[in-house]
Amino acid sequence: MLADKILDLKKEKDVVILAHNYQLPEVQDVADFVGDSLGLSRQAAKTPHKTILFCGVHFMAETAAIICPDKKVLIPDLAAGCSLSDSINLEQLKSWKREHPGAIAVGYVNTTAEIKSELDYCCTSSNAVNVVKAIPEDREVLFLPDMFLGSYVAKVTGRKNMYIWAGECHVHAGIRSEEIHKKLDAYANSELLVHPECSCTSQIMYDVAVGDYKNRQVQIMSTEGMMNYAKQSGAKNFVVATETGILYRMQQQNPEKSFVPASNNAVCQYMKMITLDKVYNSLLEEKYEVRVPKPIADKARLAINRMLAIS
Ligand code: 13P
Ligand code: SF4
């Protein structure tokens with residue numbers, strides 16, 4: 001079986017396989033660790049293995065290459081990109097910074113290494129609020145590139161001097177509150193788990209703040225936050241507003257509970273480019289290596305290390 005061959009090869013070549021929560025089930029099954037962006041960066045930082053095979057999208061593998069300059073980092077398909085990370089380029093960021101001299105630039109981990117090299121702080125969905133809270137009140141903040149995560153953070157922190165880049169992830173932007181309402185109507189007593197990249201996050205927060213979201217418990221959190229919450233919650237049914245790949249692991253870890261996607265169309269085609277065949281070929285031929293030029297990596301590492309220091 002292909003999965004067995006992968007497991008043998010991984011041992012023989014001293015490789016650790018890291019997989020994001022949105023990966024195909026069969027890819028998650030051969031991974032040493034499955035998790036969110038922050039958790040996987042942490043695993044990369046402490047792995048004793050000489051090669052990291054990253055089953056996720058390109059910016060995630062780049063982040064691992066920046067954190068671990070002495071390791072070989074492989075991605076099974078170089079075309080596995082991210083619409084959110086494509087929503088800002090280096091020139092745009094530089095000119096935005098010029099318009100706000102003295103501002104602190106905070107960028108989501110879903111950005112290229114070049115963009116990270118121009119950031120003061122990097123963050124993920126699980127620590128974005130704490131990263132912004134750590135910045136002195138009197139400093140302006142430039143938050144990029146996700147506008148929905150940005151407005152969520154601005155609301156939670158109450159920050160007024162925060163400017164938000166108008167980028168989005170096409171998968172999460174496509175999850176509409178009408179779809180969520182329909183699912184909640186269909187699944188009585190279900191709790192709602194929402195990723196802050198969703199376009200409906202602000203509306204949901206408003207509805208919760210005014211006291212009612214169809215009488216449901218609502219949690220807005222990163223993919224790993226959702227995993228942890230689902231495990232400890234007393235509820236039996238959950239509507240999950242994020243990429244559908246997460247349902248596999250949720251269901252596996254909580255067989256007595258039931259999980260439905262807020263939208264069946266919330267599928268990231270980039271994440272799904274990583275197939276078991278490609279994982280095998282990647283291990284066998286040690287391709288495709290992700291390298292970040294040293295001057296960019298050295299600058300980007302500062303922002304990433306600040307992210308890793310704040311949880
Ligand atoms: P997490 O950091 O919550 O894993 O999200 C990463 C991502 O790409 C969301 O689309
Ligand atoms: Fe990027 Fe969206 Fe895919 Fe996450 S789900 S990797 S943000 S395109």
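Excluded from the calculations below are hydrogen atoms, water molecules and symmetry mates; all remaining heavy atoms, backbone and side chain alike, are included. Both ligands and their constituent atoms are indexed starting at 1 by order of listing.
- Using a 4.0 Å heavy-atom cutoff, Q269 is absent from the residues neighbouring ligand 2.
- Heavy-atom proximity to S83, at under 4.0 Å, picks out these atoms of ligand 2: 8 (S).
- For the residue pair D29 and Y248, a side-chain donor N or O sits within less than 3.5 Å of a side-chain acceptor on the partner.
- T223 and N21 form a side-chain donor-acceptor contact under 3.5 Å, judged by distance and modelled atom types alone.
- Atom OG of S177 and atom NZ of K182 lie 11.0 Å apart (nearest 0.5 Å).
- For the pair T124 and ligand 1, the shortest N or O to N or O distance does not fall below 3.5 Å.
- From the protein, the heavy atom lying nearest to atom 4 (O) of ligand 1 is H20 NE2, 2.6 Å.
- Remark: ligand 2 atoms within the under-4.0 Å shell around heavy atoms of E197 are 7 (S).
- For atom 7 (S) of ligand 2, the nearest protein heavy atom (residue, atom name, distance) is N110 ND2, 3.1 Å.
- In this structure, the protein non-hydrogen atom closest to atom 3 (Fe) of ligand 2 is C268 SG, 2.4 Å.
- T244 approaches N264 most closely through the heavy-atom pair CG2-O, 4.2 Å.
- Per-residue contacts place S125 under 4.0 angstrom from the following atoms of ligand 1 (heavy atoms of the residue considered): 1 (P), 2 (O), 3 (O).
- Looking only at atom types and distance, the side chain of R176 has no donor-acceptor partner in the side chain of S263 under 3.5 Å away.
- Protein heavy atom at the shortest distance from atom 1 (Fe) of ligand 2 is C82 SG, 2.4 Å.
- When only non-hydrogen protein atoms are considered, atom 2 (O) of ligand 1 lies nearest to S37 OG, 2.9 Å.
- If you look at H172 and F148, their ring centroids are not closer than 6.0 Å.
- For atom 2 (Fe) of ligand 2, the nearest protein heavy atom (residue, atom name, distance) is C169 SG, 2.3 Å.
- For the 3.5 Å distance criterion, the side chains of E99 and Y163 fail to qualify, holding no donor opposite an acceptor.
- Taking the six-membered ring for Trp and thresholds of 30 and 60 degrees, F238 and Y229 have ring planes more than 60 degrees apart, a perpendicular arrangement.
- Look at E256 and K236 and you find no salt bridge, because none of the NZ, NE, NH1 or NH2 atoms lies under 4.0 Å from a carboxylate O.
- At under 3.5 Å, a nitrogen or oxygen of N110, whether backbone or side chain, sits near a nitrogen or oxygen of ligand 1.
- The shortest heavy-atom distance from C169 to ligand 1 is not under 4.0 Å.
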Does the side-chain hydrogen bond (donor to acceptor under 3.5 Å, both in side chains) test come out yes or no for T242 and Y22, once each step is laid out? CA-CA 9 Å; T242 191; Y22 299 159; 2.7 Å; yes
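- Distances shorter than 4.0 angstrom occur between a heavy atom of H172 and an atom of ligand 1.
- Checking only distances, E224 never comes within under 3.5 Å of ligand 1, N or O to N or O.
- Pairing each heavy atom of H170 with each of S83, the nearest pair is ND1-OG, 2.7 Å.
- When heavy-atom distances to ligand 1 are checked against a 4.0 Å cut-off, H195 comes that close only through its side chain, counted from C-beta outward.
- When heavy-atom distances to ligand 1 are checked against a 4.0 Å cut-off, V57 has no atom that comes that close, whether in backbone or side chain.
- Counting the atoms of ligand 1 from 1 in the order shown, those under 4.0 Å from a heavy atom of Y22 are 7 (C), 9 (C), 10 (O).
- An N or O contact shorter than 3.5 Å is missing between S222 and ligand 1 by distance.
- Summary of contacts: the protein heavy atom closest to atom 9 (C) of ligand 1 is E197 OE2, 3.1 Å.
- Between the side chains of S222 and D36, at least one donor-acceptor pair of N or O atoms lies under 3.5 Å.
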